[in-house]
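These notes are about the structure you will find just below.
Remember, it's 1-based here, ligands and their atoms both numbered in the order they're listed. Note that the coordinates shown come from a computational prediction; the quantities given were computed from them, not determined experimentally.
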Amino acid sequence: MERKKVVCVIGTRPEAIKMAPVVKALAADASFDVRVLATGQHAAMLDQVLDFFGLSADRNLHIMRERQSLDYITSSVLTGVGEYFDGAGAAAVLVHGDTTTTFAAGLAAFYRGIPIGHVEAGLRSGNMRLPFPEEMNRVLVDKMITWGFAPTKLAAENLRKEGLPEGAISVTGNTVIDALFYTITKRRSPEAGELSVLPDGAPFLLVTAHRRESWGRPLEGICEALVEILDAHPDVWMVVPMHKNPAVRETIGKYLGGRDRAILCDPLDYPDFVWAMNTSKFILSDSGGVQEEASAIKKPVLILRDVTERPEVVEQGSGLLVGVRKEKILAAALRLLEEPGAIAAIEKRCEAQPFGDGTASVKIVNTLKESLLK
Ligand code: UD1
Ligand code: UDP
């Protein structure tokens, strides 16, 4: 029997992490001929993930430019991916999440009538501008899809409400949990040299921030809060793996560069980041994926945003939406650091696992099999 060619498109770090288990599951199944198409929306941050998971792109379009605009990413992905699809003979294309790679690659597949599977479909914040431009990307791509792989029941419900036929929707769990479980078994102590300055057993907070809508004043508000947290707690360290984006690094460097107990470092490779999440007292982040991972490892996360498309995290109790203003972030962090039992109470609430049990990629492959091989 002829194997079905499935092209998995990835562009950025989180797409690579969350698509890796799907690529591996497809590769392990003799019914499929899996190809990885990287747009190269990210460069080093994408390679770092592919290296760890032992994957390589069959083709990388290497589109990344410094301080790239949304117009540039959209048009270069649309054209480059479209040209790739023209010669690929794909039976299906898989895209992940809500980046501009996701939307533009989906559009290129749609223009050619290639069926699209959307991994992590159906997330909605309810505000088209938050996060920006991710909410628009995910809404638009879900208008083009044949398979919506919803990570949770709520995400499936969102797809239903928007008119996606019932037969197109499946609840799979989030593939980030598959990636996380795989990673936890691989490495238990960190390799990154930067982390060696952290004294053994020192309490630390893990911080990430990169969202486009936070560039400028909101990110400054976040940084002001971080400085005050460090000042208020002379025993506490901060590990801040900085996104490669210069707009983000400049602001973080301005506020936290050279401060005692603030470790500003390059993006950590995935196992080191997982180690840092697990070992930290708690996390402050505006990342989507980190909210899901924090919930799975029962770690409190202060969500540095005004809205989340992952309300399951807030309902479960591991995540607190603290926004981007200094006062609220500071108050929430000091409460966790100073109120006896505050962290333990959150950890206790996290018995439920809203994002699945680590079998999302197998479920996705099974659905594709039923659909493409019947
Ligand atoms: C992108 C996604 C966002 C996702 C994030 C994950 C869009 C519009 N945004 O945002 O949804 O949450 O990835 O991290 O799709 N850079 C490097 N090296 C790298 C990666 C980035 O130098 O390996 C720098 C470049 O200057 C680049 C800039 O970061 O222009 C921004 O990258 P871009 O992909 O446009 O935006 P992100 O903020 O990374
Ligand atoms: N991550 C990582 N190293 C880092 C920071 C984050 O491996 O230094 C991982 C993290 O565990 C999560 C993913 O990157 O799986 C989140 O990526 P990001 O925050 O860039 O994007 P988002 O999830 O917000 O789209």
Can you confirm whether K5 is buried at NZ, in the sense that more than 12 heavy atoms of other residues, nucleotides or ligands lie under 6.0 Å from that atom?
yes

For ligand 2, note which part of M45 has a heavy atom under 4.0 Å away: side chain, backbone, both or neither.
neither

Identity of the nearest option to atom 8 (O) of ligand 2, non-hydrogen atoms only, from L268, D272, D286:
L268

Note: heavy atom closest to atom 25 (O) of ligand 2, options P14, S287, C265, belongs to P14

Looking at R211 and E134, is there a salt bridge between them, counting it only when a charged N and a carboxylate O are closer than 4.0 Å?
yes

Residue R65 vicinity, atoms of ligand 1 by number, heavy atom under 4.0 Å:
25 (C), 26 (O), 27 (C), 30 (O)

Please verify the inter-ring angle class for H243 with H42; under 30° counts as parallel, over 60° as perpendicular, anything in between as tilted.
perpendicular

Mark up the atoms of ligand 1 that fall under 4.0 Å of a heavy atom belonging to M64, in ascending order.
16 (N), 17 (C), 18 (N), 19 (C), 20 (C), 21 (C), 22 (O), 25 (C)

At under 4.0 Å between heavy atoms, which part of R211 makes contact with ligand 2: side chain, backbone, both or neither?
side chain

For A44, the ligand 1 atoms whose distance to one of its heavy atoms is below 4.0 Å
23 (O)

Closer than 4.0 angstrom, basic N to acidic O: yes or no for K244 and D266?
yes

Tell me the nearest of R13, Q48, R305 to atom 4 (C) of ligand 2, using heavy-atom distances.
R13

Compute the minimum heavy-atom distance from Q48 to ligand 1 and say whether it is under 4.0 Å.
no

Does F110, at its CZ atom, have more than 12 non-hydrogen atoms belonging to other residues, nucleotides or ligands within less than 6.0 Å?
no

Can you sort out which atoms of ligand 1 are near I73, meaning under 4.0 Å from one of its heavy atoms?
35 (O)

Take the angle between the ring planes of F53 and Y182 and call it parallel below 30°, perpendicular above 60°, tilted in between.
parallel

Sub-3.5 Å N/O-N/O distance, T12 and ligand 1:
no

